[in-house]
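See below for the structure under consideration.
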Amino acid sequence: MGTGASDFERAVAAVIDATGPGEVVTFGEVATEAGYPGRARAVGAFLAHHGDGHPWWRVVTASGRLVPGGEDEHGRRLRDEGVEVRDGHVRRPRR
DNA sequence: TATCTGACGATAG
DNA sequence: CCTATCGCCAGAT
């Protein structure tokens with residue numbers, strides 16, 4: 001076994017799992033931090049299918065936009081950690 | 001193998 | 001703030 005998850009998924013999961021409460025990161029940031037710059041979409045795909053078990057709610061788009069279709073739950077989770085959420089979007093983590 | 005889709009990113013209008 | 005377009009990659013069909 002060793003072939004289950006790819007290095008990409010493993011690295012991405014590690015970065016997301018390394019985030020702390022109240023901390024917000026973007027998909028592109030996670031990809032870059034994981035060592036795979038430009039794979040922001042792959043990060044989203046990973047969370048969409050394997051996000052369970054990881055603090056996926058701490059990951060938002062580069063514009064601070066929350067998960068489309070799950071803004072209510074996403075925003076609720078972030079607010080629960082002390083993150084300022086405004087109308088389905090969080091204060092831009094990147095300026 | 002080709003094509004489509006999508007929890008992305010950036011730029012342009 | 002919005003849509004449109006292009007570039008990017010992984011998984012599904």
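Note that the structure is predicted; figures quoted are calculated from it, not measured. Reminder, nothing fancy here: chain letters follow the sequence lines and each chain counts from 1.
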Going by number, which of residues 43-50 of chain A have a non-hydrogen atom under 4.0 Å from DNA chain B?
A:G44, A:L47, A:A48

Nearest-Å distance for atom pair OH/C1', residues A:Y36 and B:dC8
18 Å

Nearest-nucleotide wise, let me know which of A:A42 and A:H89 is further upstream toward the 5' end of DNA chain C.
A:H89

A:F27 has an atom CZ; how far is it from atom P of B:dA10, in whole Å?
13 Å

With a strict under 4.0 Å distance from non-hydrogen atoms of chain A, what nucleotide opens and what nucleotide closes the contacted stretch of DNA chain C, reading 5' to 3'?
C:dG7 to C:dG11

Quick one: do the A:E73 and A:W57 side chains pair a donor with an acceptor below 3.5 Å?
no

Paired nucleotide for B:dT1 [Watson-Crick or G-U wobble; both distances under 3.5 Å]
none

Round to the nearest Å and state the distance from A:D52 atom CG to B:dA7 atom P.
16 Å

Between A:V12 and A:F46, the two heavy atoms sitting closest are CG1-CD2, 3.7 Å

Regarding A:D7 and A:R10, does a basic nitrogen lie under 4.0 Å from an acidic carboxylate oxygen?
yes

Option from A:E81, A:H74, A:E23 for which side-chain hydrogen bond (donor to acceptor under 3.5 Å, both in side chains) with A:R58 holds:
A:E81

Return the value, rounded to whole Å, for the distance between atom CZ of A:R41 and atom P of B:dA10.
13 Å

Nearest heavy-atom pair of A:P55 and A:T19: which atoms, and what distance?
CG-OG1, 3.7 Å

Could you walk me through whether A:V60 and A:V67 satisfy the side chain to side chain contact (heavy atoms under 4.5 Å, CB included) test, starting with their C-alpha distance in whole Å, then the side-chain angles of each, then the deciding distance to 0.1 Å, before giving a yes or no?
CA-CA 7 Å; A:V60 302; A:V67 172; over 6 Å; no

Using a 3.5 Å distance criterion without hydrogens, assess whether the side chain of A:R79 forms a donor-acceptor pair with backbone atoms of A:V85.
yes

Any donor-acceptor pair under 3.5 Å from A:T26 side chain to A:E29 backbone:
yes

